[in-house]
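Scroll down for the structure; my scribbles are underneath it.
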Amino acid sequence: MAKYDHKQIESKWQDIWETTRQNNTDLDAKAEKFYNLVMFPYPSGEYLHIGHGYSYSGADVYGRYMRVNGKNVFEPIGFDSFGLPAENYAIKKGVHPAVSTADNIVHATAQLKSFGCMFDFDKMVTTSSPDYYRWTQWIFLKLYERGLAYQKESPVNWCPKCVTVLANEQVIDGICERCETEVVQKNMKQWFFKITDYADRLDTDLDKVDWPNSSKLKQRNWIGKSTGVEFELEVVGVSEKISVFTTRIDTVFGMSYVVLAPEHALAKQLGEKSKEIAEYLQDTKSKSDLERQEGKEKTGVPAGVYAINPFNREKVPVWIADYVIGSYGTGAVMAVPAHDERDFEFANKFNLSVKEVIAPYFLDPVNKPKPEVETEKREVACMIVRNPKTGKYLCLKWKKAEWQSFPTGGLDEQTPEEAGRRELLEETGYKNLKFVEQLPWSCYAEFYRPHKKSNVVAHFHYVLFDLVNEETDGVEQSEKDTHEVVWIEKDGIAEYLNVWNQSYTWDRLTNRSKIHTEKGILVDSGEFSGLTSEEAKAKMAKWLEKKGIGSSKVNYRLRDWSFSRQRYWGAPIPVVYCQECGTVPVPEQDLPVLLPELSIDQVRPTGTGKGPLAGVPDFVNAKCPKCGGNAERETDTMDTFVCSSFYFLRYPNVGDDTEMFNPEITKKWLPVDMYVGGPEHVTMHLLYSRFVTKALYDSGIIGFDEPFMKLRHQGMILGPDGKKMSKSKGNVIVPNDIISKVGADAFRTYILFMGRFEDGGPWNPQGLTGVTKLLERVWKLSESQLLEDPENILVERLLNKSIKKVGEDIEAFRFNTAVPQLMILVNELVQQKQISKVTLEKLVVIMAPFAPYIAEEVWANLGNKNSVHVQPWPEYDVSLIQDEMVSIAVQVNGKVRDTLLVSADASEDEVIEVAKESAKVAIYTSGKKVEKMIYVKGKILSIVTE
RNA sequence: GCCCGGGUGGUGGAAUGGUAUACACGAAGGACUUAAAAUCCUUUGAUCUCACGAUCUUGCGGGUUCGAGUCCCGCCCCGGGCACCA
């Protein structure tokens, strides 16, 4: 009997599959196409790590499953080999990046082959090779043609260590994503792609794709769509007006000042006249983004001018402060400290007024308004009365409703103070009260009043009193019948009150730094008072439009994509600067603009703000394509994310030197059907790819505007120490050792078995044994004497169930539950004295996506000529999915007391009969009246007794 | 602070509102063996009990339900994303 020798099997089938071209997809085949894509690796280190193996294993199991379900699956792979990390690695090793990249690709390719994935190695792309990056440059030209690539002098993220500009997306908390150096702001002329033109479509089109919800949300947050209004304020004595953007126009009557960002034109203008302002502008300019983030202490200076609130003609001071971002909206905001945390903080620091214009609204969930009775509107005073002698507060316990509250009473044309005194006298008899204050906020509450049998929308005003003495005038019996007067300790109030608006007010009273930032009902807002925030937003926008000073507006947080890099290892930007013609793109037929071959010393970044190419006269000096005169080449290169933003379009066209895409092939094969990769790319690669796809769609080059129809993420495999793998921590696990020890089949199956695919987790080889046992058992089964006929009905049922479950689980990326099903099946088969050939064949087919090598070997050993990987997924027999006998739990009052084995199609009555005979059940039911019996077919019988 | 995930045995982890802890690892005991490895069998959430069995248990506290890991409300903790975006 032969031993299971994974090494021998793996090398044997790798060769055979290569010869038979099993995994080289015939792109012209008639069968329905399935483009199964994994994020291509970045060969910045010597080897791919275990996380790559994880991602590819999952994607490959899925791809293989699609193939045996009749799809013509295309599963390409390549290398994202341009860019900073590859260059940094090369420089560290003292090797030219072209050399180190080529070396790394050799290692990585060998690894990729060992994984046993059905990659089509004939269609590889390497983004750093000229026959690829000519198309990167071509994409640039296409975007440039549409006005989507432009140059702009602006503050950009500069990494002093990588000595280059970075995109916003590559700066994490003010730190360079790659080298973890603090990023500084530098004013430089840089290239940008106008991704902001697509902000809205990038947001709404997410509805078209099947992506994890969390990823859609992440992208939406990054795009940061925000709907509001933009309107103008006149400035007293200045001809310029200030435009502000706000999402809360409903709070406009609470505006107590206006803030300009230091970058605002008016701020600069005012700075010319005032030394104080000029100094402030200078101060904020020198702060790095990180400093601006860290020191969140608000700073600012008065601008010395006043703006006019168009709604109430009130004069409000203008301030200049760096808590307003110059590049967002209009760079100026209206400040409403009563309803915005930041404005509140600023107002507190600089002693600016705070005016409440939004009252919280409460719908009483206990005493809900009744639709059949009338609703009355009332202005109400709510009295908070303290007895200074005892420190207790006056509360009422209601007799006809479940209320425990402070006393309240209608205003009836009186002030809250007057109404409060009157009402307290009536309800409690207390007559000597000292008015303390009226709280600066009010609340609306809508509820049903059982004692008056009506609904009410009450607008509560809160008045504080101190009790001077306990003298009373007595209380009428009718008042005594409705409520009882109680005095409650200060600490007990929060618990005692059960009326929401009062609980809210008490909470705010004891914690005065709180403000109301939610929606509510407008107060003190002129003609808009009484409206809800939503109603007011619509009406106020109309009001502004009618006056011609404002309108609805949408803003996005997304910024344009800065893609020029002052580094060597990237695709040169195909542009020349001509003294006569200005900026001229290199014509398509002249592509690629080749990266000059330099010595390692010339490759090193310069730190001058220009890339190393600027020091290569042969490269720089060029002829203008337009006029033929002398011109200079652009010396910046493109960020690697440009290379990866379209590689999926190129894969099916690899080998075609005449055009980027063959329209026929592209139409047939794109968009990508399934894309697997890490969630860390959601706001970078995935966003950029969607943008480029949409731009090409708008150019009429391609006929689809979303590149990835389905997306699934693998989680991150951490080091054995539970920390993110990194060379410096020395916890990097390379799959090679594992594969050579236990084989690719065991590696793939185990890593997918470890946990949910999207979860990842620390690498722990302990459990590998379980999977190697599984494979060895299958091997042993294949070496045993096989039956010709199916063994028995029980085995058949389990087999059919397994076919169903494994298939469904793969389809849903639930690999970690598919593998256990295979284990259950194999364990059962091992228990059988003998198994049949048919059963073994079916087993091998359904485990083949996980363990392609052993499956193929066993399949061949069974005498099959064709590959197991093109065997159709077995059909399962629906009638064999359901067990004949099922075990039913019998619960008495919620506790399982017995389990019964009954026929699966047993009726409720039959099950009840059997349950009645159970002695265990009888212990809990005898002598008691059965009130209810609930039967869930095949699952449970629930008996409820008195 | 805001927005997403998540919290289940010693460990990785299962579980359309219906028998929580599948499957695997580890551990303990046993068989085979001169011995070990491999393999196979048994046990393995906790507590009480000689035992039959009982009680408790899915981060904490409430609620809905015949029945809650799962649904609702309020907290705590961990991971990720965004962060002065008006």
Side-chain angles (χ1 to χ4, degrees), chain A residues 172-173 212-222 224-226 228 230 244-249 251 259 261 292-293 295-298 321-336 339-343 345-346 365 517 555-559 679-680 682-683 715-716 718 750 753-756 758-771 773-774 776-777 780 814 816-824 827 830-831 886-900 920 923 930-945:
Chain A
I172 316 287
D173 296 330
N213 239 329
S214 58
S215 303
K216 289 188 181 185
L217 263 163
K218 248 188 237 174
Q219 238 181 43
R220 286 207 158 105
N221 286 341
W222 186 259
K225 182 175 181 170
S226 132
E230 195 175 303
V244 295
F245 171 73
T246 180
T247 55
R248 289 298 303 273
I249 190 66
T251 65
V259 193
R292 240 168 121 158
Q293 268 171 32
K296 281 207 176 157
E297 175 80 14
K298 301 259 183 305
D322 72 348
Y323 80 92
V324 170
I325 312 272
S327 53
Y328 182 77
T330 61
V333 302
M334 67 174 207
V336 184
H339 305 294
D340 183 281
E341 297 281 357
R342 298 151 301 181
D343 298 342
E345 199 189 315
F346 191 81
T517 56
N555 268 314
Y556 301 91
R557 220 184 56 97
L558 185 70
R559 302 295 147 86
E680 66 276 15
V682 166
T683 54
M716 193 187 291
L718 306 169
Y750 176 61
F753 169 69
M754 272 193 349
R756 274 200 300 238
E758 60 276 19
D759 282 359
W763 169 251
N764 177 2
Q766 252 193 7
L768 255 172
T769 324
V771 169
K773 267 188 205 164
L774 170 77
E776 267 169 23
R777 283 173 185 174
K780 254 192 193 161
R814 287 190 304 252
N816 61 321
T817 52
V819 176
Q821 187 63 38
L822 291 171
M823 288 172 168
I824 292 168
N827 289 349
V830 169
Q831 292 302 311
V886 289
S887 105
I888 304 272
V890 184
Q891 282 187 350
V892 183
N893 296 331
K895 288 206 165 131
V896 178
R897 296 302 180 182
D898 199 4
T899 54
L900 313 172
K920 288 178 187 167
I923 296 170
V930 173
E931 286 187 339
K932 220 191 225 183
M933 279 206 268
I934 296 144
Y935 176 61
V936 182
K937 198 164 189 292
K939 295 266 161 88
I940 205 160
L941 176 70
S942 184
I943 301 171
V944 187
T945 69

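Chain letters run A, B, ... following the sequence lines, proteins first, then strands; residues in each count from 1. Note that this is a predicted model, so its numbers are computed, not measured.
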Given rC56(B), is OP1 or OP2 found less than 4.0 Å from the side-chain N or O atoms of Lys895(A)? yes
Treating primed atoms plus P, OP1 and OP2 as sugar-phosphate and everything else as base, which nucleotides of nucleotides 21-31 of chain B get B, S or - for protein heavy atoms under 4.0 Å? -BBSS------
Rounded distance in Å between the C1' positions of rU64(B) and rG10(B): 36 Å
Under a 3.5 Å cut-off for both contacts, is rC75(B) paired Watson-Crick or G-U wobble with anything, and if yes, with which nucleotide? rG59(B)
To the side chain of Trp222(A), which of rG18(B), rU11(B), rC82(B) is closest? rC82(B)
Measure the distance from NZ on Lys780(A) to C1' on rU39(B) and round it to the nearest whole Å. 6 Å
Tell me which pairs pass salt bridge (charged side-chain N to carboxylate O under 4.0 Å, His left out) where either residue lies in residues 934-945 of chain A, with sequence neighbours left out. none
Is the cationic atom of Lys298(A) (NZ for Lys, CZ for Arg) positioned less than 6.0 Å from the six-membered ring centroid of Tyr323(A) and within 45 degrees of its normal? yes
Can you tell me the distance, in whole Å, between the CD atom of Gln831(A) and the C1' atom of rU39(B)? 13 Å
For atom P, what is the distance between rG12(B) and rA31(B), given to the nearest Å? 33 Å
Taken to the nearest 0.5 Å, the spacing of His339(A) NE2 from Thr251(A) OG1 works out to 6.5 Å
Partners of Lys225(A) by salt bridge (charged side-chain N to carboxylate O under 4.0 Å, His left out), sequence neighbours excluded? Asp200(A)
Take atom CG of Leu558(A) and atom P of rA83(B), then tell me their distance rounded to the nearest Å. 12 Å
Taking only the P atom of each, what is the distance from rA68(B) to rG63(B) in whole angstrom? 12 Å
When you get a sec, tell me which of rU19(B), rA86(B), rC3(B) is the closest nucleotide to the side chain of Asn221(A)? rC3(B)
Return the set of residues passing salt bridge (charged side-chain N to carboxylate O under 4.0 Å, His left out) with Arg557(A) (not counting sequence neighbours), or none when no residue passes. none
Nearest-0.5 Å distance that lies between atom CG in Leu822(A) and atom CZ in Arg777(A): 13.0 Å
Taking atom types as they are modelled, would you say the side chain of Lys218(A) forms a donor-acceptor pair with the base of rC3(B) within the 3.5 Å cutoff? no
Mind checking if Val944(A) touches a base, just sugar-phosphate, or nothing, with heavy atoms under 4.0 Å? sugar-phosphate
Using atom P in both nucleotides, what's the gap between rA24(B) and rC41(B) to the nearest angstrom? 11 Å
Any N or O donor-acceptor pair under 3.5 Å from the base of rC66(B) to the side chain of Ser942(A)? yes
Answer syn or anti for rG9(B), where the cut-off is 90° from 0 on the glycosidic torsion. syn
Where the side chain of Asn764(A) is defined as all heavy atoms beyond and including C-beta, which of rC66(B), rU11(B), rU19(B) is the nearest nucleotide? rU11(B)
State the pairing partner of rC50(B); accept Watson-Crick or G-U wobble contacts with both distances under 3.5 Å, and report none otherwise. none
Nucleotide of rA86(B), rG18(B), rC84(B) approaching Val333(A) most closely (side-chain heavy atoms): rA86(B)
What is the base-pairing partner of rU11(B), counting Watson-Crick and G-U wobble geometry with both distances under 3.5 Å? rA24(B)
Please compare Gly224(A) and Gly894(A) by the position of their nearest nucleotide in RNA chain B and report the one closer to 5'. Gly894(A)
Name all residues meeting the salt bridge (charged side-chain N to carboxylate O under 4.0 Å, His left out) criterion together with Arg814(A); count only those two or more places apart in sequence or in a different chain, and write none if there are none. Asp809(A)
Partner nucleotide of rG29(B) by Watson-Crick or wobble geometry (both distances under 3.5 Å): rC41(B)
In whole angstrom, what separates Asp759(A)'s CG from rC78(B)'s P? 19 Å
Do Arg248(A) and Val336(A) have side chains that get closer than 4.5 Å, going by heavy atoms? no
With rounding to the closest Å, how many angstrom separate the P atoms on rG61(B) and rC50(B)? 31 Å
Between C1' of rG17(B) and CD of Gln891(A), the distance in whole Å: 12 Å
In whole angstrom, give me the gap between the P atoms of rG79(B) and rA27(B). 30 Å
Between rG13(B) and rG18(B), how many Å separate the two P atoms, rounded to a whole number? 23 Å
Using the P atoms only, state how far rG59(B) lies from rC77(B), rounded to an integer number of Å. 16 Å
Rounding to 0.5 Å, atoms OH (Tyr935(A)) and CD1 (Ile943(A)) come to a distance of 12.5 Å
Between rC4(B), rG18(B), rG12(B), which nucleotide has the shortest distance from any of its atoms to the side chain of Met754(A)? rG12(B)
Anything under 3.5 Å between a donor and an acceptor, one on a side chain of residues 759-769 of chain A, the other on a protein residue two or more places apart or in another chain? List them.
residue: Asp759(A); atom: OD2; partner: Arg756(A); partner atom: NE; Å: 3.2
residue: Asp759(A); atom: OD2; partner: Arg756(A); partner atom: NH2; Å: 3.2
residue: Asn764(A); atom: OD1; partner: Gln766(A); partner atom: N; Å: 3.0
residue: Thr769(A); atom: OG1; partner: Gln766(A); partner atom: O; Å: 3.3

Whole-Å distance, Leu774(A) CG to rU39(B) C1', equals 16 Å
Residue pair Gly761(A)/Ser887(A) against RNA chain B: nearer the 5' end by closest nucleotide is Gly761(A)
Quick one: Arg220(A) CZ to rC3(B) C1', roughly how many Å, whole number? 14 Å
Give Arg897(A) one of three labels, base, sugar-phosphate or nothing, depending on what nucleic acid heavy atoms sit under 4.0 Å from its own. sugar-phosphate
How many Å lie between CD on Glu341(A) and C1' on rG1(B), as a whole number? 8 Å
Does rG1(B) have a Watson-Crick or wobble partner in any strand here, with both distances under 3.5 angstrom, and which is it? rC82(B)
